Amino acid sequence: MTLLEQIDQWQRLAPQRLAHISGETRLSYAELFQRSNALAQRLRQQLGENNQPLAVFGHKEPEMLIGFLGCVKAGHPYIPLDSSLPEGRVRAILQASGAALLLTPEKIHAWSSDPAENFQPVRLSPDSPWYIIFTSGSTGAPKGVVITRAALESFTGWIQAEQQFRPAQEVFLNQAPFSFDLSVMDLYSSLSSGGTLFSLNRETIAEPKKIFSALGQSAVSVWVSTPSFAQLCLAEPRFQAELMPEIRKFWFCGETLAPEVAASLLKRFPAAEVWNTYGPTEATVATTSLKVDEAILAKYAPLPVGRPKPGSRILIFRDGLPVEAGERGEIIIAGENVSAGYLNQPELTAHSFHEMDGLRAYHTGDLGHFADGWLFFDGRADFQIKLHGYRIEIGDIESNLQALERVRDAVVLPVLKNGRAEFLAAFVILRQAPSGSNFEISRALKRELGERLPDYMIPRKFVFLAQFPLTANGKADRRKLAEALA
Ligand code: AMP
């Protein structure tokens, strides 16, 4: 069955089951089917037979789901745009993508209300684009990652086999905005298995009290979020099994999962599994996974990010060649889940994507190594700086700081003067409230770090925080942290 057939079958098998809950709004599988067909029919009438991308602009409204499926059924890839994006950024994306239309919830609502009898969706070939997600480029201009039907089905096929969701029974947490590829994990896992997607909107996320009352009523069984969001929730003592008795799985991607966070979740939710997965948008959400259990926690800190999914390969390269077993290098992902490339950017695409043994391969810019068959993420290659002539990987310092016993999480930034790195600053979240003064703890951490790294890699300045500020996608906001240093 194609992914679309999997999704559409639920309007036959469980028409009244809820496909989406967001605030006060409810959308059943029957409504999702009828409305997405109606929208698709209208789009065909309006735009004729072409496959130009269409932008779907909104937040967590049910119309977002109708919009996504409506576009796909009409043969158009969709570009999800969260309404929190600044206007200038939206304009830049519309321009760069040549999107034929900007669909808002109001427009989707109006265009999906006339029933479409006997509508037949356009049959997408495996290499037709399904969605295009824009991520930030290193130059500051956003780049559109094109994900084909084959790439998306390679991801969903894998996770369905691995995660064994109970048909028409799961409730998936949707924390990430739809413009972030983490949301693809909950959205399509839910829709393909007849699940209910339970969205948290930004007003709720901004107010911890509201988060916990929403979670308490959610019946969430599969949690999908960034580790940072789970860490934020763990600060609340009520965040435990009594609040969410149905929870079976915590499923993470997008940034480092601290062992401390995984351990706390296993303790507070004894009936739940904790999964770490790794991958960039360019390789469709995730390529590796592992279940983090007590044995893994006892053996590894930092945690591994998993083993590659079937049909995909992970290679570690340095200076254009595969490294010796166990050595560190750049993570290359090859397989069906790798993107077709960046929209309308052949040069950028040629720079990051290659063919490798007949498979499409992506150069992630992430550093990693294998140990015991597990992939470990060792930071970003492009946070490389020169400090007083020394070549330093920021990710290297962060990984070593995170490995210290009293450190839960750490971000390291260069402090610039006239565009050059002057010294390094470390932002640190401690596992426990400090027993001494900040000065004493900084000194102790420097000493411990000095056991693992050369002197020139030891941050001069330490700032202790209870939480990192988060980006709209729920990751540690490095820009805000850098501003704090200015
Ligand atoms: P995005 O394309 O926004 O999903 O960001 C992808 C990047 O997030 C990857 O290239 C990694 O640098 C980082 N990342 C994703 N998953 C993990 C993970 N499990 N652990 C550490 N870093 C991760």
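All values reported here derive from a predicted model rather than from experimental measurement. Order of listing sets the numbers, starting from 1, for every ligand and every atom in it.
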Report task. Pick, from Ile133, Leu182, Thr281, the option with the minimum heavy-atom distance to atom 1 (P) of ligand 1. Result -> Thr281

Report task. Using heavy-atom distances, let me know which of Thr277, Leu257, Thr256 sits nearest atom 19 (N) of ligand 1. Result -> Thr277

**Report entry** Asp181: numbered ligand 1 atoms lying under 4.0 Å from its heavy atoms
**Finding:**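 Those qualifying, in numeric order: 4 (O).
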
Query raised in the report: Can you list the ligand 1 atoms lying under 4.0 Å from a non-hydrogen atom of Gly279?
Result: 4 (O), 6 (C), 15 (C), 16 (N)

Ring center gap for [X] and [Y] short of 6.0 angstrom:
X: Phe427; Y: Phe464; value: no
X: Trp223; Y: Phe239; value: yes
X: Tyr300; Y: Phe376; value: yes

Return the residue, atom name and 0.1 Å-rounded distance of the protein heavy atom closest to [atom].
atom: atom 6 (C) of ligand 1; result: Pro280 CA, 3.5 Å
atom: atom 11 (C) of ligand 1; result: Asp366 OD2, 3.2 Å
atom: atom 18 (C) of ligand 1; result: Glu255 O, 3.3 Å

**Report entry** ligand 1 contact by Phe180, heavy-atom criterion under 4.0 angstrom
**Finding:** yes

Query - Contact check, Gly306 vs ligand 1, heavy-atom distance below 4.0 Å - result: no

Query raised in the report: So does His354 have more than 12 non-hydrogen atoms from other groups sitting under 6.0 Å from NE2?
Result: yes

Requested in this report: Output, in order, the C-alpha distance, side-chain angles, deciding distance and verdict of side chain to side chain donor-acceptor pair (under 3.5 Å) for Lys309 and Ser154.
Outcome: CA-CA 9 Å; Lys309 71 192 250 315; Ser154 154; 2.7 Å; yes

Under 3.5 Å: N/O of [X] near N/O of ligand 1:
X: Thr364; answer: no
X: Lys475; answer: yes
X: Gly254; answer: yes

Requested in this report: Hey, can you tell me if Phe250 and Phe252 have their rings parallel, tilted or perpendicular (30° and 60° cut-offs)?
Outcome: parallel

Requested in this report: Look at the rings of Phe165 and Trp251 and say which category their plane angle falls in: under 30° parallel, 30 to 60° tilted, over 60° perpendicular.
Outcome: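 Perpendicular.
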
Query - Sole candidate of Thr256, Thr288, Asp366 that passes side chain to side chain donor-acceptor pair (under 3.5 Å) when paired with Tyr278 - result: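 Going through Thr256, Thr288, Asp366 one by one, the side chain to side chain donor-acceptor pair (under 3.5 Å) with Tyr278 is satisfied by Asp366 alone.
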
Query raised in the report: Given that the side chain starts at C-beta and the backbone is N, CA, C, O, which of these parts of Phe377 lies under 4.0 Å from ligand 1, counting heavy atoms, or is it both or neither?
Result: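 Within the 4.0 Å criterion, Phe377 contacts ligand 1 through side-chain atoms alone.
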
